[in-house]
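Scroll down for the structure; my scribbles are underneath it.
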Amino acid sequence: MNILMERFDLPEELALVMEHSPSVIVPESKETLYELIFGNSGSDRIEVAYEVNGETVKEASVVRCRNGAVVNFEEDYMRRRDPDSMRIADSQPTDKPRFEDTYGYPFDDLRKETLTWLATQELVLVPFKAGSYDFGYEAVLVCPRNAAFFAFALSQLQAFVNIREVEKFTPRAILYMAPPFRHTHFQGKQVVVHSRSEELHEVFAYNLYPGPSAKKGVYSVLLDIGERENWVTAHASAARIITPYENEMVMMHEGASGGGKSELLQDVRREEDGRVLVGVNTVNGTRHYISMSDTCTIEPVTDDMAMCCPSFQSGNGKLALADGEDGWFVRVDGIDEYGADPTYERISIHTREPLIFFNLQAVPRATCLLWEHAPDSDGTPCPNPRVIIPRRMIDRVVQGPVEVDVRSFGVRMPPATAEHPSYGIVGLMHILPPALAWLWRLVAPRGYNNPSIIDDVPLASEGVGSYWPFATGERVVQANLLMEQILSCPNTKYVLIPNQHIGIYDIGFSAEWIAREYLARRGGVNFRMDRLIPARCPILGYGLKEMKVDGQYISPKFLRPELQERLGQKGYDAGARLLSEFFDRELGAYDTDRLHPMGRAVIDCFRGGGSLEDYCRLIPLGLE
């Protein structure tokens, strides 16, 4: 038995697995863990396969490139997260599907089978901090040695712990990895089972894609702990934005996967001539540009998981947060050619240590390039190529908590015309009263053509906070926590920003970049009310009468989409009805006496056809 095991205080069942395993490796560095991926042979390519019912099933291939390991899964299905992967094994309160209700037998049976199988495998035991080194919780991963790439990925995402530097390590969470059970028990589906208690959160991952387990499974742990301690880990990126005149603003961007969180941290995308493309008319191809001489400096804080712990809050009315990860699982589908994102390209090409890539093309010992996306089985590029970037590699990254000036919410919008109306009627930026900001976080639209998940529903909800797919408890508890958070932070303001489309215009993420530059130059949301105009659809809050960036006015057609000839008021109103019907449908999940009294008042206001003034009377907007 590895002498380092003496430093772990493990549950008895896991200790027995360690005792009976043929070998247990406790890596003392990430370098050791990386070399485990390719085994003792020093091979440049390995296949990850398991015996399933007497046959060998290949799950993935891993190639050693000059700048790291590149993982490609055999099935298209395994290259992105299945939103219906979570099952709950315990008897604690939950709104999520319970394992026994879904599969017709208690999880205890499969739990024993899983631990028995793990005890027959050569294992890697990885200690880490779920959350961060400074604010996180002790946890371990139990993983088959031949899936060491998964262990390395987790060590890049979370705060890896060298067990020699710790006297005693008592896990608050345990992540078990048993890949072949996907085939033997779950018809090939991604399934992650959570078993919670007051002292321990166990996560049983039955697939090798890190999305629902190493990434979001750990997120689930933080949400569960926060639910018990009355705080939230927001699904958000955040950055300190510094203008050319050295004014500072902290902006936080929330939304479903694919909603623009990573894009908040990116520089404004420019054309070859230096101009910024605002949008392209999808009917006639007209392109709208602005020129921006100087843009803001971005100091990243978080990429996806923002811990809003009580100990961070100073009581000054602004929300404080810190990063809940040690590395960022960056989607690079937007990097389709050299120069598209110089920061991540430079980090990944000239890395000081090996990285891990997913769904990208790989040639042994060559450099993996972020714009060479692996093809899916139909020959089209995989829409979910990823790389894990350690925080410490990112220039100007902020350490520790920050206080937020502006909370934005991003939604992927479809094109909209009068002939083909849709919910894509959101202008370039809307100012939201806090009550409406809370409603948007309850319904959290997944949005149009989402590249991160497997789903083809036209307008579906990601659920409360946009982190609901990863929460293990009850919606109403999270809704109440968000309401308390909003009420306690009146000096943090709220905006709504679309991406992909504004009416007939294809915009990509230009609205987010332009809004960021505009708000930073203004010092945040500090408008006079006479500069705002109520949106034609009340749940969109206030639009801007005009927007001037770097001396140039943005066309009113981007600010108020009903002014677009091909959309007009008729198409806009049809889209508004679709959006309102979606809100009404999704808010039904919160019809319970346990909802926060202010939350009940806000939903009643919506269902009563409340005006913007009605929402502002409930929770003041804070503008004059």
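Here the OG atom belonging to Ser510 is positioned 9.5 Å from the CD atom belonging to Gln500, to the nearest 0.5 angstrom. To the nearest 0.5 Å, atoms CE (Met307) and CG (Leu321) are separated by 10.5 Å. Atom CG in Asp530 sits 11.0 Å away from atom CG in Leu623 (nearest 0.5 Å). To the nearest 0.5 Å, atoms CG (Asp95) and CZ (Arg475) are separated by 5.0 Å. Here the OH-CG distance, from Tyr137 to Asp224, works out to 10.5 Å after rounding to the nearest 0.5 Å. Considering CG of Leu223 and NE2 of His194, their distance stands at 10.0 Å, rounded to 0.5 Å.
Counting only N and O atoms by type, the side chains of Arg80 and Gln190 include no donor and acceptor under 3.5 Å apart. Side chain to side chain, His253 and Ser237 fail the donor-acceptor criterion of an N or O pair below 3.5 Å. With no hydrogens or angles considered, no side-chain donor-acceptor pair links Ser132 and Glu325 at under 3.5 Å.
Closest approach of Arg522 to Asn526, counting heavy atoms only: O-ND2, 2.7 Å. Contact between Ile502 and Val426 at its shortest, heavy atoms only, is CG2-O, 3.5 Å. In terms of heavy atoms, Val495 sits closest to Val406 at CG2-CG1, 4.0 Å. Annotation for Lys129 and Tyr133: closest pair NZ-O, 3.1 Å, computed over non-hydrogen atoms. Considering every non-hydrogen atom in both Ile425 and Pro561, the closest pair reads O-CG, 3.3 Å. For the pair Pro383 and Asp333, the tightest heavy-atom approach, listed with the atom from each and the gap, is O-CB, 3.5 Å.
A salt bridge between Glu263 and Arg269 is absent, with no side-chain N of the basic residue lying under 4.0 Å from a carboxylate O of the acidic one. Salt bridge absent: Glu512 and Arg516 never bring a charged side-chain N and a carboxylate O closer than 4.0 Å. Between Asp304 and Lys216 a salt bridge is recorded (basic side-chain N to carboxylate O distance below 4.0 Å). Salt-bridge check for Arg446 with Glu462: passed, with a basic side-chain N closer than 4.0 Å to an acidic carboxylate O. Classification of Asp405 and Lys493 as a salt-bridged pair fails, no side-chain N sitting under 4.0 Å from a carboxylate O. Electrostatic pairing of Arg240 and Glu299 counts as a salt bridge here, judged by a charged N lying under 4.0 Å from a carboxylate O. With respect to Lys570 and Glu562, no salt bridge is recorded, no charged nitrogen being found less than 4.0 Å from a carboxylate O. Between Glu202 and Arg196, none of the side-chain N atoms (NZ, or NE/NH1/NH2) sits under 4.0 Å from a carboxylate O, so this pair counts as no salt bridge.
Thr592 is not listed as a side-chain neighbour of Glu474, based on a closest heavy-atom distance of 4.5 Å or more. Contact of the Asp326 side chain with the Gln158 side chain is not registered, since no non-hydrogen atoms from C-beta on lie closer than 4.5 Å. Side-chain contact check for Trp513 versus Val276: every heavy-atom pair is 4.5 Å or farther apart. Considering only heavy atoms from C-beta on, Met86 stays 4.5 Å or farther from Pro212 through its side chain. Taking 4.5 Å as the limit, some side-chain heavy atom of Cys616 sits within range of a side-chain heavy atom of Pro433. The shortest side-chain heavy-atom distance between Pro620 and Tyr615 does not fall under the 4.5 Å cut-off.
The backbone N or O of Asp90 lies less than 3.5 Å from no partner atom in the side chain of Ser195, so there is not a single donor-acceptor pair. Checked by atom type and distance alone, the side chain of Lys261 never pairs as donor or acceptor with a backbone atom of Glu254 at under 3.5 Å. Formation of a donor-acceptor pair under 3.5 Å by the Gln313 side chain with backbone atoms of Cys309 is found in this model. In terms of modelled atom types and a separation under 3.5 Å, the side chain of Thr297 and the main chain of Thr243 share no donor-acceptor contact. At least one donor-acceptor pair under 3.5 Å links the side chain of Asn491 to the backbone N or O of Asn316. In this structure a side-chain-to-backbone donor-acceptor pair under 3.5 Å is present from Glu517 to Cys296. A donor-acceptor contact shorter than 3.5 Å is absent between the side chain of Ser85 and the backbone of Arg81. In this structure, Arg441 contributes its side chain and Ala437 its backbone to a donor-acceptor pair below 3.5 Å. One N or O on the side chain of Trp438 and one on the backbone of Ala479 form a donor-acceptor pair closer than 3.5 Å. Judged by distance alone, the side chain of Gln485 and the main-chain N or O of Leu319 form no donor-acceptor pair under 3.5 Å.
Applying the 6.0 Å contact sphere to CD of Glu229 captures more than 12 heavy atoms from other residues, nucleotides or ligands. Within a 6.0 Å radius of CZ in Arg98, other residues, nucleotides and ligands contribute more than 12 heavy atoms. Crowding of Lys548 atom NZ: a count of heavy atoms from other residues, nucleotides or ligands under 6.0 Å not exceeding 12.
Taking the ring axis of Phe329 as reference, the NZ or CZ atom of Lys215 does not stay both within 45° of it and closer than 6.0 Å to the ring centre.
Residues satisfying the side-chain hydrogen bond (donor to acceptor under 3.5 Å, both in side chains) test with Lys96, not counting sequence neighbours, are none. Remark: Arg617 pairs with Asp614 by the side-chain hydrogen bond (donor to acceptor under 3.5 Å, both in side chains) rule, at least two apart or across chains.
Aromatic pair His430/Tyr542: ring centres not closer than 6.0 Å.
Ring-plane geometry between Phe606 and Phe583 is classed as tilted, the angle between the planes lying from 30 to 60 degrees on a 0 to 90 degree scale.
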| said: Between Tyr467 and Gln478, is the side chain to side chain donor-acceptor pair (under 3.5 Å) condition met? List the steps. | reply: CA-CA 10 Å; Tyr467 55 70; Gln478 294 297 330; 2.7 Å; yes
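For residues 574-585, the pairs satisfying salt bridge (Lys or Arg N to Asp or Glu O under 4.0 Å) are Asp584-Arg607, with sequence neighbours left out.
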